[in-house]
Amino acid sequence: MLIRDETARDIPAISRLVTEALLMLAQSTGTEAGIVEKLRAQDALTLSLVAEDEGEVIGYLAASPARIGTQGGWSVIGPLVVSPSRHRRGIGTALMAEALRRLRTTSRGAALVGDPAYYGRFGFRAFPGLSVTGCPPEVVQALPFDGAEPRGELIHHPAFGLNQQE
Ligand SMILES: CC(C)(COP(=O)(O)OP(=O)(O)OC[C@H]1O[C@@H](n2cnc3c(N)ncnc32)[C@H](O)[C@@H]1OP(=O)(O)O)[C@@H](O)C(=O)NCCC(=O)NCCS
């Protein structure tokens, strides 16, 4: 298995994979593939990593610029998806490890909205005052690379359609 940057040829496979993998998720909005397309169109995909096996895209991770409160320099990770037939073989972990390795050199920290039971293993955790309107606080998590506590609303790129006050 290879973790690499997306190429133009991967784009249809990425959209299919994101749609397929997130169909199974209760909290999925069904708009995630469209979010990736909007981020790409607005040149806001800081990372667009694919996991490839024998020529097939079997995993995907996106990252985009974000703020926490008034503080810029954060990256939001998501969506992160692995082909349902390939779950629990370390592919999500490999994508996340590569993303964090790269983001450490460019960002103040990484943040995401997701299941703490999964993301805790990478060092993500909730912080007092770290929020996304409409989300339970325990699913809003950050990994500051300098150890400083993030505080305030996690402001995603407008392509996510969150943070309506933006
Ligand atoms: C979540 C997801 C990306 C994990 O990818 P994966 O390749 O299956 O994960 P890994 O094989 O790297 O798993 C690493 C560990 O996390 C555990 N794990 C996997 N999914 C988990 C989940 N949803 N909750 C808790 N633990 C989970 C695995 O058991 C494994 O633990 P172990 O090392 O002790 O065996 C994948 O299950 C997926 O695509 N799910 C649907 C989409 C989704 O939920 N995305 C996240 C929100 S955008």
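As the structure lists them, so they are numbered: ligands from 1, and atoms in each ligand from 1. We're numbering straight along the sequence, starting at 1. Model, not experiment: these values are computed from the prediction.
Using a 4.0 Å cutoff on heavy atoms, G114 does not count as a contact of ligand 1. In this structure, R121 is part of the shell of residues with a heavy atom less than 4.0 angstrom from ligand 1. Taking 4.0 Å as the cut-off, A21 counts as a neighbour of ligand 1 on heavy-atom distance.
For ligand 1, the atoms closer than 4.0 angstrom to any heavy atom of V81 are 39 (O). With ligand atoms numbered from 1 in the order given, ligand 1 contributes 24 (N) to contacts under 4.0 Å with heavy atoms of D115. Atoms of ligand 1 lying under 4.0 Å from at least one heavy atom of Y119, given by number and element, are 46 (C), 47 (C).
Shortest contact from atom 13 (O) of ligand 1 to any protein heavy atom: Y118 CE1, 3.7 Å. Nearest protein heavy-atom contact of atom 39 (O) of ligand 1 is V82 N, 2.7 Å. Of the protein's non-hydrogen atoms, T93 OG1, 3.4 Å is the one closest to atom 14 (C) of ligand 1. Among all non-hydrogen protein atoms, the one lying nearest atom 38 (C) of ligand 1 is H87 NE2, 3.3 Å. For atom 44 (O) of ligand 1, the nearest non-hydrogen atom of the protein is L25 CD1, 3.4 Å. Of the protein's non-hydrogen atoms, the one nearest atom 7 (O) of ligand 1 is G92 N, 2.7 Å. Given atom 45 (N) of ligand 1, the protein heavy atom at minimum distance is L80 O, 2.8 Å. Given atom 22 (C) of ligand 1, the protein heavy atom at minimum distance is R88 NH2, 3.8 Å.
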CA sep, side-chain torsions, deciding dist, call: S15, E37, side-chain hydrogen bond (donor to acceptor under 3.5 Å, both in side chains): CA-CA 8 Å; S15 296; E37 282 157 22; 2.7 Å; yes
Worked check of side chain to side chain contact (heavy atoms under 4.5 Å, CB included) between V76 and W74: CA-CA 7 Å; V76 155; W74 289 86; over 6 Å; no
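Not a single protein heavy atom sits closer than 4.0 Å to atom 35 (O) of ligand 1.
Between L22 and ligand 1, no N or O atom pair is found at a separation short of 3.5 Å. Where the criterion is an N or O separation shorter than 3.5 Å, residue side chain and backbone included, R86 fails it with respect to ligand 1. Residue-to-ligand polar distances place G90 within reach of ligand 1: an N/O pair is separated by less than 3.5 Å.
Remark: R121 fails to qualify as a cation-pi partner of Y119 under the 6.0 Å distance and 45° angle criteria applied to the six-membered ring.
Around atom CD of E138, more than 12 heavy atoms belonging to other residues, nucleotides or ligands sit under 6.0 Å away.
In summary, R102 and D5 engage in a salt bridge, as defined by a charged side-chain N under 4.0 Å from a carboxylate O. Here E6 pairs with R40 in a salt bridge; the nearest charged N to carboxylate O distance falls below 4.0 Å. Between D10 and R4, at least one side-chain nitrogen of the basic residue sits less than 4.0 Å from a carboxylate oxygen of the acidic one, meeting the salt-bridge criterion.
Once rounded to the nearest 0.5 Å, the distance linking OG1 of T70 with CZ of R151 reads 12.5 Å.
By the 4.5 Å heavy-atom criterion applied to side chains, L49 and M96 are not counted as neighbours.
Tracing side-chain contacts under 4.5 Å through hydrophobic residues (I, L, V, M, F, W, Y), one reaches L100 starting from V82; they form part of the same cluster.
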